[in-house]
Asker: 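Sharing a structure, written as structure tokens. Questions coming.
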2 protein chains.
Amino acid sequence: MARIVFEKSDAIALVAEVFRELGYEGASMSEITARTKLSKGSLYHFFPGGKEQMAAEIMAHIDAWFATEMFGPLEKEAPRAAIARMWETTDSYFRSGRRVCLIGAFALDETRDRFPAAIRGYFHRWIDALAGALTRTGLPGAAAKALAEEAVIGIQGALTLARALGDDTIFGRTLARLKRTLEAASG
Amino acid sequence: MARIVFEKSDAIALVAEVFRELGYEGASMSEITARTKLSKGSLYHFFPGGKEQMAAEIMAHIDAWFATEMFGPLEKEAPRAAIARMWETTDSYFRSGRRVCLIGAFALDETRDRFPAAIRGYFHRWIDALAGALTRTGLPGAAAKALAEEAVIGIQGALTLARALGDDTIFGRTLARLKRTLEAASG
DNA sequence: TTTTAAATAGACCGAACGGTCCAGAAGATC
DNA sequence: GATCTTCTGGACCGTTCGGTCTATTTAAAA
């Protein structure tokens with residue numbers, strides 16, 4: 001039998017995509033093995049804790065990616081440039097709305113209660129990082145926080161509506177609108 | 001054994017709440033029977049087609065409710081008053097963000113592919129009804145459509161973020177902001 | 001009343017579930 | 001190239017899954 005060798009980081013990325021497509025409960029082990037081509041032996045070698053560990057490590061992986069690619073720049077780089085880059089990063093990460101937010105999807109059902117800290121942390125850090133950058137453009141703290149919340153809400157809502165309508169133009173249009181709103185407010 | 005008699009409309013509402021809490025795949029028959037107190041006999045009497053039929057009838061029920069409570073008024077009544085009432089209806093229907101949108105949740109994973117028409121129809125009609133009311137306030141059609149889309153996106157995003165952060169103030173705050181935005185645009 | 005139809009409870013079924021286990025293949029170390 | 005460790009494939013296990021079926025209870029009709 002042909003034997004394929006994976007690295008754990010490959011396994012995380014592959015399994016993440018299955019959770020994204022099917023949700024936590026919908027992603028059965030047999031679907032995960034079928035879609036990733038990883039056998040049960042490999043999966044339980046990498047993740048002895050089963051589905052719960054898979055999801056936990058995937059969320060940690062996502063969190064780390066966002067920390068380096070988005071939150072870090074928003075906190076350290078020139079605020080206007082960092083925010084401009086955030087829109088591009090967001091559009092490419094969510095594949096123009098064709099890829100859902102795994103953490104947002106987990107938040108909707110009782111999967112949330114398995115990973116409350118990871119879910120809260122992800123959204124909290126995103127809002128705080130963006131609000132920080134907006135503050136550094138000169139906006140008052142409260143206005144910055146409200147705009148950051150509005151942006152994250154808009155991103156999540158656009159992902160839902162884009163998938164619901166199967167319309168690939170919604171996500172980009174929404175990001176452009178949010179960008180204009182933030183630029184209008186921060187001068 | 002105590003025998004409890006249900007009406008089908010009760011069954012639809014009870015099962016809907018379980019789907020909302022657990023998602024389509026997460027709502028197993030045993031969880032549905034446990035949370036609704038409806039036995040399997042009753043459930044399969046009302047819904048011979050099983051889970052798929054339950055979900056289909058629930059979505060039709062939601063659609064009918066929205067049609068009479070929101071889309072109808074938006075299409076027939078005085079536009080500004082109808083839009084004002086829409087915010088109140090939305091807040092109470094989603095219980096200030098503590099209740100998720102079942103159809104939005106279905107849209108995120110591959111459950112969408114079981115009910116594509118119902119999901120598209122629900123969001124399409126909401127956007128069209130709101131855009132129609134906005135047009136009747138004097139807004140150009142394109143602007144009305146964009147604002148209606150923005151409103152529905154904001155509602156869905158706020159539901160996601162409210163649950164993710166466990167923050168009961170987000171939904172109301174977002175509805176108030178959207179209301180202001182629409183009023184600013186439609187005079 | 002008696003009869004009839006609708007509705008309910010829950011035992012039961014085969015299939016699919018999450019998870020365990022181990023024989024053996026592929027690298028790594030010596 | 002022998003040894004050892006890591007990794008893989010898939011058979012297998014007990015449990016839960018969605019769904020069926022029937023005895024029985026209740027409500028409605030006659």
Asker: Using the ring of A:Tyr93 (Phe, Tyr or Trp, six-membered ring only), decide whether A:Arg99 places NZ or CZ under 6.0 Å from its centre and within 45 degrees of its axis.
Answerer: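 Relative to the ring axis of A:Tyr93, which defines the angle, A:Arg99 lies inside both limits.
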Asker: Can you check the A:Phe19 CZ to C:dG18 C1' distance for me, whole Å?
Answerer: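 Taking atom C1' of C:dG18 as the reference, CZ of A:Phe19 is at 12 Å.
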Asker: Is any side-chain N or O of A:Ser39 closer than 4.0 Å to OP1 or OP2 of D:dT8?
Answerer: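 For D:dT8, OP1/OP2 do not have a side-chain N/O of A:Ser39 under 4.0 Å.
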Asker: Nearest whole Å is fine: how far is C:dA9 P from B:Ile32 CD1?
Answerer: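 Rounding to the nearest Å, CD1 of B:Ile32 and P of C:dA9 are 16 Å apart.
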Asker: For the helix from C:dT1-D:dA30 to C:dC30-D:dG1, what is the angle between the axes at its two ends, each from 5 pairs, rounded to 10°?
Answerer: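 Roughly 20°, once rounded to the nearest ten degrees.
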Asker: Would A:Thr169 and A:Arg173 count as a side chain to side chain donor-acceptor pair (under 3.5 Å) if you check the C-alpha gap in whole Å, the side-chain angles of each, and the deciding distance to 0.1 Å?
Answerer: CA-CA 6 Å; A:Thr169 70; A:Arg173 182 159 71 235; 2.9 Å; yes
Asker: For the residue pair B:Gln53 and B:Tyr44, establish whether any side-chain heavy-atom pair is separated by less than 4.5 Å.
Answerer: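 No. Closest side-chain heavy atoms not under 4.5 Å.
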Asker: Is B:Leu38 close to B:Thr33 at the side-chain level, that is, under 4.5 Å between some pair of heavy atoms?
Answerer: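 The answer is no; the side chains never approach within 4.5 Å.
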Asker: In whole Å, I'd like the distance from the CZ atom of A:Phe46 to the P atom of D:dT8.
Answerer: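 Whole-Å distance recorded here is 5 Å.
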Asker: May I ask you to test the B:Asp109-B:Glu25 pair for a side-chain heavy-atom distance under 4.5 Å?
Answerer: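 No, too far: nothing below the 4.5 Å cut-off.
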Asker: Over how many whole Å does the gap from B:Met29 atom CE to C:dA11 atom C1' extend?
Answerer: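 Taking CE of B:Met29 and C1' of C:dA11, I get 15 Å after rounding.
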Asker: Could you check A:Lys8 against A:Phe46 for side chain to side chain contact (heavy atoms under 4.5 Å, CB included), going step by step and ending with a plain yes or no?
Answerer: CA-CA 6 Å; A:Lys8 184 163 181 178; A:Phe46 289 133; 3.8 Å; yes
Asker: For C:dA7, take OP1 and OP2 only and decide whether either is under 4.0 Å from a side-chain N or O of B:His45.
Answerer: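 Affirmative; the distance criterion is met.
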Asker: In this structure, how many angstroms lie between the P atom of D:dC7 and the CG atom of A:Leu38, rounded?
Answerer: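 My rounded result for the distance is 13 Å.
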Asker: Base, sugar-phosphate alone, or nothing: which one does A:Ala11 contact when heavy atoms must sit under 4.0 Å apart?
Answerer: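 Contact class for A:Ala11: none.
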Asker: Between P on D:dT26 and CD on B:Glu7, what's the gap in Å once rounded to a whole number?
Answerer: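 These atoms are roughly 17 Å apart.
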Asker: Taking the nucleotide of DNA chain C with the closest heavy atom to each, which residue, B:Gly41 or A:Ser30, is nearer the 5' end?
Answerer: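 Nearest-nucleotide comparison on DNA chain C picks B:Gly41.
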Asker: Phosphate oxygens OP1/OP2 of D:dG10: is one of them under 4.0 Å from a side-chain N or O of A:Lys40?
Answerer: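 Indeed not, no polar side-chain atom of A:Lys40 lies that close.
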Asker: Please report the distance, rounded to the nearest Å, between CE in A:Met54 and C1' in C:dC17.
Answerer: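 It is 13 Å, rounded to the nearest whole Å.
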Asker: Is any side-chain N or O of A:Ser28 closer than 4.0 Å to OP1 or OP2 of C:dC17?
Answerer: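 Yes, because at least one side-chain N or O of A:Ser28 sits under 4.0 Å from OP1 or OP2 of C:dC17.
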Asker: Relative to the 5' end of DNA chain C, which residue comes earlier, A:Glu31 or A:Pro48, by the nucleotide with the nearest heavy atom?
Answerer: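 With A:Glu31 and A:Pro48 compared, the 5'-side residue is A:Glu31.
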Asker: Rounded to whole angstroms, how far apart are CG on A:Leu43 and C1' on C:dC17?
Answerer: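 Taking atom C1' of C:dC17 as the reference, CG of A:Leu43 is at 15 Å.
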Asker: Does B:Arg120 use its side chain to pair, donor to acceptor, with the backbone of A:Ala164 at less than 3.5 Å?
Answerer: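 Not confirmed, B:Arg120 side chain does not pair with A:Ala164 backbone.
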